[in-house]
Amino acid sequence: MKTTEWKNPHNTKVTWGKYFPQDIEKKWQEVWKEAGLYKFKSQIPSSKFQKYYTLVELPYPSGDLHIGHWFTFIAPDVLSRFKRMQGYNVFFPMGYDAFGLPAENAAIKRGIHPQDWTLKNIETMTAQFETMGTMIDWDHVTVTCLPEYYKWNQWIFIKMFEKGIAYRGKTLSNWCPTDQTVLANEHVENGKCWRCGSVVVQKEVEQWFLRITDYAEELLWNREGNGVDWPKSVQVAQNDWIGKSEGLEISYPIEGSEEKVTIFTSRPDTNFGATFIALAPENPLVTIITRPERKEEVEKYVKIASEKTELERKEEGKEKSGAFTGAYAINHLTGEKMPIWVSDFVLMNFGTGALVGVPAHDLRDFDFAHKFNLNIKRVVVGKDGDKSPITKREQVQEEDGIMINSDFLDGIDIHEATGKIMDYIVEKGWGKKVTMYHLHDWSVSRQRYWGTPVPMIHCDTDGIVPVPLDQLPVTLPYDVDYQPKGKPPLASNDEWMKVTCPKCGKDARRDAETLDTFFDSSWYYYRYVDPSFRDGPFDPTEVKKLMPLDIYFGGGEHTLGHTLYARFFTKFFKDLGMVNFDEFALKRVQHGIVLGTDGNKMSKSKGNVINPDDVVKEFGTDAVRVYLSFMMPYNATGPWSVSSMYGMFRFLKRVWDLYPRVTAGELTREDKFQMHTTIKKVGDDIAETKNNTAVAAMMKWLNYLDAKEQIWEEEFKNFLIILSPFAPHITEELWQLNKLSDSEAGDEAFSSIHQEKWPSHDNSLIVSDTVTVAVQINGKLRDTLVIVSEAKQSDVEEVAKQSEKVKVHLEGKTVKKVIYVPGKILNFVI
RNA sequence: GGGCGAGUGGUGGAAUGGUAGACACGAAGGUCUCAAAAACCUUUGAUCGUAAUUGGUCAUGUGGGUUCGACUCCCUCCUCGCCCACCA
């Protein structure tokens, strides 16, 4: 048995004995830190620079590092370590998304200032993060709530204002009439204000918007996935969200009026079956066209609709309401009169704020028509008729459905017909082709305290004036009342609010609102490159070297928010000439969720939360890392298992116990086959974020090694190297032990296993000299043969026919065909 | 209502057209021990059967299809999960 006692350059004693991870993990973390092993800059060689930028969505500093954080970060860490061993200069930074509502909620609940609460949490979480033993380079840490960061939020916002991307607009918001303030959705409980319990209403409020719709076309994903490797599901979801639709804007004349009502449709063919028009209550046309005798009722309806909260509108989703204006529009296609109604199922901010009702082909239109006894006409166009689904079709047919068909549409399919009808309507001058997007401009104002102050000044003379760039940052004041009534928190600090207008020099007021935290997280990965850069939001030279991201890990919940905003910012930066690429991330990988042992989402109230600190104390960091890699695919969701956790500890212990059995010697052909196969498999799997099968392959190799009489040094060393991204501590310990017993050079400068090169594999050794071929008859397995890999088909057939099991099935039958897949299958078709 | 994804042993999962269940957990039996734990060994999809211990049959949510061959590709239906939703 080999035991070694020695001193490394950091005077740490190492003795091989029983495996106690707690004895070695902290020690190595300190050694690595002291040696600056994971500093990005220390990796850069003078000659060739091959960058790899790994990014994980920056976490919110909620206070506790959750096992979910570990799960999220292990795969990126494994990949980063692997890439580094392959010779890349790996940049793996980290930061905190530190502004936001939870800090303010905690402050209100417990009386701690949001800043103190947040900074304390960051400290705690950073310490917990360090026990993970990642190769994150903490020199690049970026915290979004610090002035050195949000200064550049303000800079970007002003640039957006100058370019017309940031603008002042109006939108409906949750409004508490008692507190006189806008509420976040999470502060509306059952339609009531969380603080005072008053009924929340929808009110038009002035807000800052970002004109993301200007980029709608550019943000769309094309068939080639914009040349980057993002999940198809994300591309589809974002495209659906952007919601590009090409259709017609049709104007219908109103009987006895100069006015016209304009609607949008992507299916003008169905307009043969249009039987009514519905206007949004907010549509200005309502007041103009309503007939005097209907005025009272329509006004009453509009008033009720405006008082409804968003929640109430949704709750009664099925029951339609409305009022008849007394006016009629003329359907060009049929010449029929269509009554014009007002209804709150029509949205003012989509399309034209008016729609044409086709009850037979749209469920909502049907519900409306059914309730108010309007006509329902079914349209049959072309040879196949209309294919659009309507769930209540039977009812439609019962209720005086009429078939309409036009001569010029006979015998063509529905898509052609739609095109022809479009052309016809345009030709007649009734409508024009338009492209519509579902995407709305992004509202970024928040009437909250804990965020980036909007860098704008309100002057009675000059209106809204941006803060001069050399006066940034507009610092967030520490002293405010963060639950005032009737005004946003920042407005409670009079001294802070007072400012002179940069244009006229007269007294003016600061903007008291703060920016949505999604603004902060839209560009932080640029800042990571050099968080201390002073001449702009990021260093263009360094960014050119490191961006775009090679891989971006994060959660699926950010598909329609964060990742879309980040793409938008990048396109904006490109327009400013600050970057030269269109997509900020070459690859996107989404993670799943670790559930509690009971299969439920972890939550304090359920008491099923797994605390990484506790598990590490019991099993050590490495075992937890290996378990998180092995437990399930990265994008899966599944429960934590304590007994499986034991299994991972057992695995590492077996690796540990291999060490005394290692000796110098020659590998056999089979040894080489096992080694090279595993090296290849593990490397390939890590590159594809399939760490569960990578670990499985190593377990298999360990089983092989363990069963042998002797373990050769070469295979042991390679085993440690390929295991090191998963279990960095135990592999380092064994590596150093082995190195010392190997040579007498205990005083050499420290060199870590994590600086080793990833072992190469020899493909010629992965091919074994014998293979097992399955012999099938009509696709049914009948026998397996072990043959030399180079065997010819005729030879294999010959051998197969000798087999008793095959003979039985071939007797008296004619072989019609033989299919041979070399080295795999021989199939007789009889 | 729409979109996306998934359904494989007691459990987590492997296999993306070629021997289904790799690897692990759990369980059962055994070795060691005064005993227990640890460790190690054996078995472990179901079923029939025999000693044929490289036996037969059936099996990847359901029903069909394509193929010499389907967990894998196509269609029907069912279930679950996630995201979005009065979007004209």
Side-chain angles (χ1 to χ4, degrees), chain A residues 231-237 239-241 243 245 247 263-267 270-271 274 278 280 313-314 316-318 320 343-347 349-358 361-365 367-368 389 391 436-440 555-560 590 592-593 626-627 630-633 635-648 650-651 653-654 657 690 692-703 706 772-786 803-805 815-830:
Chain A
K232 200 97 221 135
S233 58
V234 173
Q235 298 183 24
V236 170
N239 278 1
D240 286 355
W241 184 249
S245 55
I263 60 95
F264 172 81
T265 178
S266 59
R267 290 287 308 278
T270 62
N271 279 21
R313 276 202 189 187
K314 278 180 185 169
E316 55 177 352
K318 270 158 202 152
K320 293 279 179 288
S343 176
D344 64 6
F345 86 92
V346 187
L347 306 174
N349 58 7
F350 184 83
T352 59
L355 64 77
V356 59
V358 189
H361 299 270
D362 182 289
L363 195 53
R364 288 160 308 136
D365 294 356
D367 288 342
F368 190 82
T391 18
M436 292 258 305
Y437 298 94
H438 162 246
L439 186 71
H440 290 15
E557 71 275 18
H558 291 126
T559 297
L560 301 182
Q590 294 186 334
I593 300 166
V626 173
Y627 175 53
F630 181 72
M631 67 182 288
M632 60 185 179
N635 62 5
T637 292
W640 179 269
S641 156
V642 178
S643 55
S644 292
M645 188 61 247
Y646 273 101
M648 296 307 113
R650 222 151 32 213
F651 166 65
K653 205 156 82 171
R654 286 176 63 203
D657 290 336
K690 286 158 75 175
N692 54 332
T693 48
V695 173
M698 287 186 282
M699 288 171 166
K700 207 173 172 182
W701 189 22
L702 176 66
N703 289 343
D706 217 359
T772 313
V773 170
V775 182
Q776 300 179 334
I777 289 161
N778 283 355
K780 263 199 161 107
L781 180 71
R782 291 305 173 193
D783 198 5
T784 55
L785 305 173
V786 177
S803 154
E804 286 302 322
K805 285 178 221 159
V815 176
K816 281 202 287 191
K817 202 171 158 190
V818 182
I819 285 141
Y820 181 60
V821 183
K824 283 189 173 162
I825 290 281
L826 181 73
N827 190 12
F828 293 102
V829 186
I830 55 173

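This one's a predicted model, so the numbers in the text were calculated from it and none came from an experiment.
Pairing of B:A14, defined by two Watson-Crick or G-U wobble distances under 3.5 Å, is not identified with any nucleotide. As the counterpart of B:C86, no nucleotide is assigned, since no Watson-Crick or G-U wobble pattern has both distances under 3.5 Å. Judged by Watson-Crick or G-U wobble contacts below 3.5 Å, the nucleotide B:G7 has B:C78 as its partner. Summarising the base pairing, B:A51 is matched to no nucleotide, lacking a Watson-Crick or G-U wobble pair whose two defining distances lie under 3.5 Å. Of the nucleotides present, none pairs with B:U62 by Watson-Crick or G-U wobble criteria with both distances under 3.5 Å. In a base pair of the Watson-Crick type (N1 to N3 plus N6-O4 or O6-N4) or a G-U wobble (N1-O2 and O6-N3), with each distance short of 3.5 Å, B:U44 is matched with B:G26. With both pairing distances under 3.5 Å, B:A70 is matched to nothing as a Watson-Crick or G-U wobble pair. B:A39 is paired with B:U31 under the Watson-Crick or G-U wobble criterion, all donor-acceptor distances under 3.5 Å.
Nucleic acid contact for A:Phe630: base, since at least one base atom lies under 4.0 Å from a heavy atom of the residue. Contacts of A:Gly647 with the nucleic acid, taken as non-hydrogen atoms under 4.0 Å apart, involve only primed sugar atoms and P, OP1 or OP2. Within 4.0 Å (heavy atoms only), A:Met436 reaches no atom of the nucleic acid at all. Counting non-hydrogen atoms under 4.0 angstrom, A:Asp240 reaches the backbone sugars and phosphates but no base. Note on A:Thr772: a base of the nucleic acid sits closer than 4.0 angstrom, heavy atoms only. Nucleic acid contact class of A:Pro633 (heavy atoms, under 4.0 Å, all strands): sugar-phosphate only. At the heavy-atom level, A:Lys780 lies under 4.0 Å from the strands shown only through sugar-phosphate atoms. Nucleic acid contact class of A:Asp365 (heavy atoms, under 4.0 Å, all strands): none. Contacts of A:Leu560 with the nucleic acid, taken as non-hydrogen atoms under 4.0 Å apart, involve only primed sugar atoms and P, OP1 or OP2.
With rounding to whole Å, A:Met698 atom CE is found 13 Å from B:A24 atom C1'. If you take CG of A:Leu781 and P of B:A59, they are 15 Å apart, rounded to a whole angstrom. Straight-line distance from the CE atom of A:Met632 to the P atom of B:G81: 17 Å, rounded to whole Å. The distance between atom CG of A:Asn703 and atom C1' of B:C25, rounded to the nearest whole Å, is 14 Å. At whole-Å resolution of the value, CE in A:Met631 and C1' in B:G13 are 11 Å apart.
Which of B:U19, B:C84, B:C25 sits closest to the side chain of A:Ser644 comes down to B:C25.
For B:C86, the base has a donor-acceptor partner in the side chain of A:Lys320 [N/O atoms by modelled type, under 3.5 angstrom].
For the pair A:Asp657/A:Asp706, no side-chain contact is recorded, criterion being any heavy-atom separation below 4.5 Å from C-beta on. At a threshold of 4.5 Å between non-hydrogen side-chain atoms, the residues A:Val818 and A:Asn827 do not count as touching. A:Val234 has its side chain within reach of A:Gln590: a pair of non-hydrogen atoms, C-beta onward, lies under 4.5 Å apart.
Annotation: cation-pi pair A:Lys320/A:Phe345 present, NZ/CZ under 6.0 Å from the ring centroid and within 45° of its normal.
Classified by interplanar angle (parallel below 30°, tilted 30° to 60°, perpendicular above 60°), the ring pair A:Trp241/A:His438 is perpendicular.
The 5' end of RNA chain B is approached more closely, in terms of each residue's nearest nucleotide, by A:Thr637 than by the other of A:Met648 and A:Thr637.
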